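Let me begin by presenting the structure, written as structure tokens, before commenting on it.
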Amino acid sequence: RKEVEQDPGPFNVPEGATVAFNCTYSNSASQSFFWYRQDCRKEPKLLMSVYSSGNEDGRFTAQLNRASQYISLLIRDSKLSDSATYLCVVNPMNYGGSQGNLIFGKGTKLSVKP
Amino acid sequence: NAGVTQTPKFRILKIGQSMTLQCTQDMNHNYMYWYRQDPGMGLKLIYYSVGAGITDKGEVPNGYNVSRSTTEDFPLRLELAAPSQTSVYFCASRFITGTSTNYGYTFGSGTRLTVV
């Protein structure tokens, strides 16, 4: 099983749609979780951290299910500007050394159409 | 506050040439990383550093070297460039305390390298 797995997509949705991305991770001891956004030919940028109780930032909602080792990102009222690749990212441990290295999924591509 | 700065943005190398990709950060982050990203693929860790004077190999270190003489700078050296090193290279930094790793990476804008 890969460390972080995501559906590669692409997800093609109309403006205003709600879209959900899922991600699973293999290391049950993982401590920190993030969603990054990467635009074409650009660097990844932190979209939001994912907390155990779930968290929301405007149109974006992240959920974590530790028992199932599953993370999700929900985007409501999709905008054209949401078109990008969304990377699921996991920190395997909660201390430094090599465990401070984030593990990146390959990303899910989203295309929002007019 | 510039964040993470990478130079150059683009470079074409001939097979066998060498070059250094520069990375500097002004956020006083202790951890720094070099990743490569091939088209349609995920990020692969080349080298990382947990502080000045300390470096370690990542997933794909062959053909590369790094140094970390200061907190701010983390250059990546390519020796004897090969076509397989054609990729986009991202430098990143992160602040980690002894009790929390709840901070994500800050990435530089990348260096697009082509080896011909």
Side-chain angles (χ1 to χ4, degrees), chain A residues 2-10 23 25-27 29-53 55 57 62 64 71 73 84-109, chain B residues 2-6 9-10 21 23 25 27 29-51 54-61 87-114:
Chain A
K2 293 180 182 175
E3 290 192 83
V4 178
E5 287 199 79
Q6 296 182 250
D7 181 341
C23 168
Y25 60 95
S26 60
N27 187 333
S30 297
Q31 294 290 333
S32 306
F33 309 90
F34 309 89
W35 282 102
Y36 273 72
R37 167 192 172 130
Q38 186 172 25
D39 292 291
C40 187
R41 301 174 71 83
K42 298 285 189 181
E43 74 273 21
K45 291 186 178 177
L46 180 63
L47 179 65
M48 58 196 303
S49 300
V50 185
Y51 302 120
S52 296
S53 55
N55 49 299
D57 183 0
L64 169 64
I71 307 161
L73 177 68
T85 297
Y86 291 83
L87 307 176
C88 176
V89 184
V90 173
N91 195 143
M93 294 289 193
N94 196 27
Y95 51 87
S98 64
Q99 287 73 25
N101 301 341
L102 299 180
I103 308 297
F104 287 79
K106 291 185 177 180
T108 299
K109 187 172 183 179
Chain B
V4 179
T5 302
Q6 287 185 242
K9 292 191 183 301
F10 305 94
L21 281 67
C23 176
Q25 54 93 6
M27 299 171 286
H29 284 177
N30 46 357
Y31 281 56
M32 294 188 74
Y33 308 85
W34 275 105
Y35 285 88
R36 59 177 288 173
Q37 187 175 37
D38 299 326
M41 302 297 288
L43 291 159
K44 294 185 178 180
L45 181 64
I46 305 171
Y47 270 96
Y48 68 98
S49 168
V50 303
I54 307 169
T55 63
D56 210 344
K57 296 177 180 179
E59 181 185 359
V60 290
S87 190
V88 180
Y89 291 84
F90 290 107
C91 179
S93 70
R94 187 181 190 197
F95 180 68
I96 296 180
T97 68
T99 56
S100 173
T101 55
N102 287 330
Y103 302 101
Y105 287 1
T106 299
F107 282 88
S109 58
T111 295
R112 295 188 176 277
L113 175 68
T114 303

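All figures in this text were calculated on a predicted structure; none of them were measured in a lab. Letters go in sequence order (proteins before strands), and every chain restarts at 1.
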Closest non-hydrogen atom pair, A:K42 against B:R112: N-NH2, 4.3 Å
Measure the OG1-NZ distance between B:T106 and A:K45 for me, rounded to the nearest 0.5 Å. 11.0 Å
4.5 Å side-chain heavy-atom contact, B:Q6 and A:E43: no
Polar side chain donor-acceptor pair, A:Q38 to B:Q37, under 3.5 angstrom: yes
Centroid-to-centroid, A:Y36 to B:Y105, below 6.0 Å? no
Side-chain touch B:R94/A:L102, heavy atoms, less than 4.5 angstrom: yes
Could you tell me which portion of B:F107 (side chain, backbone, both or neither) has an atom closer than 4.5 angstrom to a non-hydrogen atom of chain A? both
